[in-house]
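Scroll down for the structure; my scribbles are underneath it.
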Amino acid sequence: MTSTTGEALNLEKVIPNAEDFLPLNGTDYVELYVGNAKQAAHYYKTAFGFQSVAFSGLETGNKDQVSYVLQQDKIRLVLTSPLTPDSPINEHIVKHGDGVKVVALWVDDATKSWEETTKRGAKSYMKPQRMEDDHGHIIRSGIHTYGETVHIFIERKNYDGPFMPGFRKWESDYNPAPTGLRYVDHMVGNVGWGEMNKWVEFYARVMGFAQLMSFDDKDISTEYTALMSKVMSNGNGRIKFPINEPAEGKKKSQIEEYIDFYHDSGVQHIAVATNNIIETVIDLRNRGVEFLRVPDIYYDTVLDRVGEIDEELEPLKELGILIDRDDEGYLLQIFTKPVVDRPTMFFEIIQRKGAKSFGKGNFKALFEAIEREQESRGTL
Ligand code: TYF
Ligand code: FE
């Protein structure tokens, strides 16, 4: 398997005609274990513009846990809280705080997905199981990945309900407008010291992913902190998982800070795509979402680096949106502050205009902005 530094690779050239033993249609849902799912659901509706879709809890006969399902275009979020002291979800929350438990992947055959991955060494989380109701049936199965995070494979070709059996449609009178978020572009995992290659190999061997890019500590370091990152992608490019590990610097890497507070490897950021980042970010800001900011001087030279772009520079500067270019085009991106109590999970808003990369040209300015946040928390 080949890799380059910071350059996008054409996967078809990397694995010509390779048979995909794990065809993936996309991200099915992302499930967070949270302390108060009702309030978290309100936050994702109000602040991010997600729509109410489905519910499971006491009213549907579920006495163990409560889940709210929210959706915005192709992005589906599930927010789950325990209802009893002996639910294992409690332990997850005690250890990690609110965070991503499940990155669910939409497949045509959940049984085959489980068989192909477990026979290549994945640890099973859930054997293939069929669940049915009036709307048909789904089949799901699951495997463990880094930390306590899991992948659940969802086969829903014989199902037309709002989410899956066990859930019913959630009709709410409170429906804030969407903010233009469209699909999950990538989801990033932070893993412990020296563990990046182990998880890169896991995605290659167990799930048939290929490495798109690699960034070493020389690419990703400021005067003070460093990290390393490799981007893994499935064959059709719909699922992209960068994996970060901390690297040695004068001060504490943001990845180490994450691991210190999450007490484990876990999902660091969910990058969501928009077709109009300026409108989306104005909307999100008006709804109270807080973003990281780079110094204004970033905008003095950015066009020398990225060349001509369709957007006016002034609103990008006003909002703190970052710009980068690769061989195929450019991208616009911005990062929220952590959206949970601990300095762990955050969102990236991204608009791609041809570029297939991840914003390498912004890493230094971005990581210096993160250091200022670490400084303010006393964790640098
Ligand atoms: O997903 C990426 O690789 C980019 C860059 O802590 C990035 O969004 C990498 C690490 C990080 C924040 C952003
Ligand atoms: Fe990202």
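Everything numeric here is computed off the predicted structure, so don't read it as measured data. Heavy atoms only: backbone and side chains are in, while hydrogens, waters and symmetry mates are out. Read the numbers this way: they start at 1 and go in the same order the structure lists the ligands and their atoms.
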Could you measure the distance from the NZ atom of Lys74 to the CG atom of Asp28? Nearest 0.5 Å is fine. 13.0 Å

Which donor-acceptor pairs under 3.5 Å do the side chains of residues 29-41 make with protein atoms, sequence neighbours left out?
residue: Glu31; atom: OE2; partner: Thr80; partner atom: OG1; Å: 2.5
residue: Asn36; atom: OD1; partner: Lys38; partner atom: N; Å: 3.4
residue: Asn36; atom: OD1; partner: Gln39; partner atom: N; Å: 3.1

Partner of Val102 under side-chain contact (heavy atoms from CB on, under 4.5 Å), picked from Val78, Val150, Ile154, is Val150

SB check Glu368 Lys364 (cutoff 4.0 Å): yes

When rounded to the nearest 0.5 angstrom, what is the spacing between NZ in Lys101 and OH in Tyr125? 5.0 Å

Atoms of ligand 1 close to Gln254 [distance to a heavy atom under 4.0 angstrom, numbered from 1]: 6 (O), 11 (C)

Judged by heavy atoms only, the candidate from Ile255, Leu322, Asn244 nearest atom 10 (C) of ligand 1 is Asn244

Does ligand 1 have any atom sitting under 4.0 Å from a heavy atom of Phe363? yes

With the Fe ion (ligand 2) as the point of reference, which N/O/S atom of Glu348 is the closest? OE1

Below a 4.0 angstrom heavy-atom separation, can you tell me which part of Ile220, side chain or backbone, both or neither, approaches ligand 1? neither

Which atoms from ligand 1 have a heavy atom of Phe335 less than 4.0 Å away? 8 (O), 13 (C)

With the Fe ion (ligand 2) at the center, what angle do NE2 from His186 and NE2 from His269 span, rounded to 10 degrees? 110°

the protein heavy atom lying closest to atom 12 (C) of ligand 1 turns out to be Phe367 CE2, 3.6 Å

Under-4.0 Å salt bridge between Glu371 and Lys251: no

Taking only non-hydrogen atoms of Val188 and a 4.0 Å limit, the atoms of ligand 1 in range are 1 (O)

Quick check on Lys360 - does any of its heavy atoms sit under 4.0 Å from an atom of ligand 1? no

Is there at least one pair of N or O atoms, one from His186 and one from ligand 1, spaced under 3.5 Å apart? yes

Charged N to carboxylate O below 4.0 Å: is that the case for Arg377 and Glu257? yes

Side chain or backbone, does Glu348 bring an N or O within less than 3.5 Å of an N or O on ligand 1? yes

Atom 3 (O) of ligand 1 - nearest protein heavy atom and its distance: Phe358 CB, 3.8 Å

Between Lys356 and Asp327, is there a salt bridge with N-O shorter than 4.0 Å? no

Results of ring pair (Phe, Tyr, Trp, His ring centres under 6.0 Å) for Tyr43 - residues two or more places apart only: Phe48

